[in-house]
Amino acid sequence: AQQGHVREKVYGKQKIYFAEQEQLPAASDAELRGLDGEIAERSSQLQELRQSCRHMEAELKDLNSSLTTPEIAREIEALKKDCASCAEKLERIKSATNHVTPEEKEKVCREQQLYRREWRRRKRMATELLDAILEGYPKSKKQFFEEVGIETDEEHGVVLPA
């Protein structure tokens, strides 16, 4: 610093040393344009390499998430066993002699409609009765149900069939 080769700047307790800029040769306009062109060329190369790197990383991620050859072989074997068991089950069903006749099916459908209608009617009657009781009841509906021990269809996840 005393000889003038580097400069010194003091910031509180810290000292910073840097090269003396005035001693460096000044670059001509042609050299600056050449350096600017080289910077632009290197920037475009950098962009291309980054793009290529992103593409390769995406491809690597895709390959890492896919199954390996032994895993695929095991998967194929499991699927073949499933297919064979399903084919065997289909053959058993086709060869079964105890098929349901259309008359039996119709009878079961009528009974289901009857029971569904009765379910709706009884649920509606119970709801109307409970609403009438709850009109004069000082607590909430939920508290009343807990005290009396009423379980609803909704609590058990039961829905009325269509």
Side-chain angles (χ1 to χ4, degrees), residues 11 13-19 21 24 27 30-131 133-134 137 139-162:
Y11 293 103
K13 294 182 180 179
Q14 295 179 343
K15 294 181 182 180
I16 298 176
Y17 295 94
F18 55 92
Q21 299 289 322
L24 296 174
E31 287 177 323
L32 290 176
R33 280 192 292 273
L35 289 174
D36 286 341
E38 189 176 333
I39 288 172
E41 181 183 326
R42 299 272 171 115
S43 294
S44 68
Q45 287 176 353
L46 177 64
Q47 286 300 101
E48 289 174 10
L49 289 173
R50 282 184 178 163
Q51 179 90 15
S52 174
C53 185
R54 277 193 294 269
H55 177 68
M56 288 180 182
E57 284 175 345
E59 189 175 340
L60 177 64
K61 184 179 176 184
D62 191 36
L63 289 173
N64 283 337
S65 66
S66 64
L67 296 174
T68 63
T69 304
E71 290 172 337
I72 289 174
R74 284 192 297 271
E75 185 75 20
I76 289 172
E77 194 61 37
L79 289 173
K80 283 181 181 178
K81 287 179 183 176
D82 278 353
C83 185
S85 75
C86 288
E88 180 182 320
K89 186 176 180 181
L90 178 64
E91 285 303 315
R92 278 196 318 245
I93 291 172
K94 283 183 177 179
S95 65
T97 57
N98 58 352
H99 295 290
V100 177
T101 63
E103 295 82 25
E104 290 174 329
K105 181 180 175 185
E106 185 62 34
K107 180 183 173 193
V108 169
C109 288
R110 279 195 311 272
E111 286 178 358
Q112 184 193 24
Q113 283 181 332
L114 175 73
Y115 295 141
R116 190 174 50 234
R117 211 172 343 180
E118 190 64 25
W119 184 359
R120 279 198 183 101
R121 188 177 68 79
R122 289 182 184 194
K123 184 172 181 168
R124 184 177 59 247
M125 287 174 25
T127 304
E128 289 172 358
L129 180 65
L130 290 172
D131 287 342
I133 293 171
L134 286 170
Y137 192 72
K139 297 180 183 175
S140 71
K141 184 177 185 178
K142 186 175 182 180
Q143 290 173 332
F144 175 70
F145 281 11
E146 285 179 16
E147 285 180 16
V148 178
I150 297 174
E151 296 177 352
T152 63
D153 293 340
E154 290 77 21
E155 286 177 7
H156 294 283
V158 178
V159 292
L160 219 69

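Note that these values count all heavy atoms, side chains included, but never hydrogens, waters or copies made by symmetry.
Between Glu106 atom CD and Glu111 atom CD the span is 11.0 Å, to the nearest 0.5 Å. Separation of atoms CG (Leu134) and CG (Leu129) is listed at 9.5 Å; rounding is to 0.5 Å. The CD1 atom of Ile76 sits 13.5 Å away from atom NZ of Lys81, with the distance rounded to the nearest 0.5 Å. Rounding to the nearest 0.5 Å places CD of Glu146 at 7.5 Å from OG of Ser140. Rounded to the nearest 0.5 angstrom, Glu91 CD and Cys86 SG are separated by 12.5 Å. The line from CD of Glu77 to CG of Asp82 is 11.0 Å long, rounded to the nearest 0.5 Å.
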* List the steps, then state whether salt bridge (charged side-chain N to carboxylate O under 4.0 Å, His left out) holds for Glu118 with Arg121. => CA-CA 5 Å; Glu118 190 64 25; Arg121 188 177 68 79; 2.4 Å; yes
Is there a salt bridge (charged side-chain N to carboxylate O under 4.0 Å, His left out) between Glu88 and Arg92? Walk through the geometry before answering. CA-CA 6 Å; Glu88 180 182 320; Arg92 278 196 318 245; 3.4 Å; yes
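When all heavy atoms of Phe144 and Leu130 are compared, the closest pair comes out as CE2-CD2, 3.6 Å. In terms of heavy-atom proximity, Glu155 sits nearest to Ile150 at OE2-O, 4.1 Å.
Dense packing is recorded around CZ of Arg54, with more than 12 heavy atoms of other residues, nucleotides or ligands lying under 6.0 Å away.
Comment: Glu154 engages Lys123 in a salt bridge, judged by a side-chain N to carboxylate O separation of less than 4.0 angstrom.
With hydrogens and angles ignored, the 3.5 Å screen pairs no side-chain donor or acceptor of Gln14 with any backbone N or O of Tyr11.
Contact check for His55 versus Gln51: no side-chain heavy atoms found under the 4.5 Å cut-off.
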Extract all donor-acceptor atom pairs below 3.5 Å that involve side chains of residues 38-46 and protein atoms in other chains or at least two apart in sequence.
unit_1, atom_1, unit_2, atom_2, d
Ser43, OG, Ile39, O, 2.9
Ser44, OG, Glu41, O, 2.7

